[in-house]
Participant: 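Sharing a structure, written as structure tokens. Questions coming.
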There are 2 protein chains.
Amino acid sequence: MTLEQSEYPCPIERTIQTIGGKWTFLILRNMFQGENRFNQLQRNLDGISPRTLSLRLKELEQANIIIRNVFPETPPRVEYHLTEKGEELRPIFVTMKTWGNKWEIMKP
Amino acid sequence: MTLEQSEYPCPIERTIQTIGGKWTFLILRNMFQGENRFNQLQRNLDGISPRTLSLRLKELEQANIIIRNVFPETPPRVEYHLTEKGEELRPIFVTMKTWGNKWEIMKP
DNA sequence: CGGTATCCTCGATGATACTG
DNA sequence: CAGTATCATCGAGGATACCG
């Protein structure tokens, strides 16, 4: 498969815009590992503010990458789950992990 | 291959930080297609300022993704080429292209 | 041609307090 | 618990002019 840029809008660009944010790919990585609750994610994402986490989750929900499930309990419980579209991002993460492991920082 | 986050620093994070910038992945996509001169890249990257292109190219050079080659001619000629490390980013782009094509904008 | 130098803008994020 | 509201900050990038 080649990488022409003639296609509009560029599929690579859309993919990067979907997962490439400062926090977005970290959120997704945690979800691939099974994390799915708000505070659980916030604890695992060191330094993220609730505001930013909330904004990114809504973004992912709007892009149909994840689904938000509210359980009517007290205290309230909300779970986020990957859709099929979200699950299929996994190969991208695996490929990135392979490259990142092979070429450690500053390794020529 | 799984996606534990126990590895430090996270290889996925390093990969995203290497290629995930607003312009960086577009520069690389053009280089995968053979573009390798400064003004050529600037023309193909609609809207990029020479300042930003210069900054990103230096960044990629420092990360050993590309090599800068100066030819002592007039007018000056400079060519950028992917290293092996840079070439091996291609599978990531291919995987992203596949996903981006399958899941078009807003497609559930 | 292949950049650098300056100045400026703006959106993404942080910090924090509060709430159903 | 799972957010929202408000205000402040900060750095990436844009515009533009100039240079060897």
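Heavy-atom basis, side chains included; hydrogens, waters and symmetry copies ignored. Here is how names work: the chains are called A, B, and so on, in the same order as the sequence lines, proteins then strands, and each is numbered from 1.
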Participant: Measuring from the side chain of A:Thr52 (C-beta onward, heavy atoms only), which nucleotide among C:dT13, C:dC1, D:dG14 has the closest atom?
Facilitator: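 Closest nucleotide among those given: C:dT13.
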Participant: Check the distance between C:dC1's P and B:Arg43's CZ and give it to me in whole angstrom.
Facilitator: 7 Å
Participant: Assess whether a salt bridge exists between B:Lys58 and B:Glu61, defined as any Lys/Arg side-chain N lying under 4.0 Å from an Asp/Glu carboxylate O.
Facilitator: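 No.
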Participant: Nearest whole Å is fine: how far is C:dT13 C1' from A:Glu59 CD?
Facilitator: 13 Å
Participant: Does D:dA2 have its OP1 or OP2 closer than 4.0 Å to a side-chain nitrogen or oxygen of A:Arg68?
Facilitator: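 It does not, given that no N or O in the side chain of A:Arg68 lies less than 4.0 Å from OP1 or OP2 of D:dA2.
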Participant: Return the value, rounded to whole Å, for the distance between atom CG of B:Asn44 and atom P of C:dG2.
Facilitator: 13 Å
Participant: Can you tell me how far C1' of C:dT19 sits from CZ of A:Phe38, to the nearest Å?
Facilitator: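 The answer, rounded to whole Å, is 14 Å.
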Participant: May I ask you to decide whether A:Glu79 forms a salt bridge with A:Arg77, counting only side-chain N to carboxylate O separations under 4.0 Å?
Facilitator: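 Yes.
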Participant: Which nucleotide in the set C:dG2, D:dC1, D:dG14 lies at the smallest distance from any side-chain heavy atom of B:Ile48?
Facilitator: D:dG14
Participant: Does a distance-only test, which skips hydrogens and angles, find a donor-acceptor pair under 3.5 Å between the side chain of B:Arg51 and the base of D:dT16?
Facilitator: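 In this structure, the two groups form no donor-acceptor pair.
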Participant: Answer yes or no: does a side-chain N or O of A:Tyr80 lie under 4.0 Å from OP1 or OP2 of D:dG3?
Facilitator: yes
Participant: Measuring to OP1 and OP2 of D:dA2, would you say a side-chain N or O of A:Arg77 lies under 4.0 angstrom away?
Facilitator: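 So the side chain of A:Arg77 is outside the cut-off, no N or O lying under 4.0 Å from OP1 or OP2 of D:dA2.
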Participant: When you check the side-chain N and O atoms of B:Thr98 and B:Thr95, is any donor under 3.5 Å from an acceptor?
Facilitator: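 No pair is found: no donor N or O on one side chain lies under 3.5 Å from an acceptor on the other.
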Participant: Take the protein atom CG of A:Leu53 and the nucleotide atom P of C:dT13, then report the distance between them rounded to whole Å.
Facilitator: 12 Å
Participant: Return no unless some side-chain N or O of B:Arg56 is found under 4.0 Å from OP1 or OP2 of D:dA12.
Facilitator: no
Participant: Once you round it to whole Å, what is the distance between P of D:dT16 and CD of B:Gln42?
Facilitator: 13 Å
Participant: Please figure out whether B:Ser49 or A:Pro76 has its closest DNA chain D nucleotide nearer the 5' end.
Facilitator: A:Pro76
Participant: Distance check needed: D:dG14 P versus B:Lys22 NZ, whole Å only.
Facilitator: 4 Å
Participant: Starting at atom CD of B:Glu73, determine the distance to atom P of C:dG3, rounded to an integer number of angstrom.
Facilitator: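 After rounding, the gap between these two atoms is 14 Å.
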Participant: Base, sugar-phosphate, or nothing: which does B:Gly21 touch, judged by heavy atoms less than 4.0 Å apart?
Facilitator: nothing
Participant: Ignoring the backbone of A:Pro50, work out which of D:dG14, D:dT16, C:dA17 is nearest its side chain.
Facilitator: C:dA17
Participant: Hey, does the side chain of A:Ser54 come within less than 4.0 Å of D:dA2's phosphate (OP1/OP2), counting only N and O?
Facilitator: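 No, outside the criterion.
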Participant: Is a donor from one side chain sitting under 3.5 angstrom from an acceptor on the other, for A:Thr18 and A:Thr15?
Facilitator: no
Participant: Determine whether the side chains of B:Glu88 and A:Trp99 contain a donor N or O and an acceptor N or O closer than 3.5 Å.
Facilitator: no
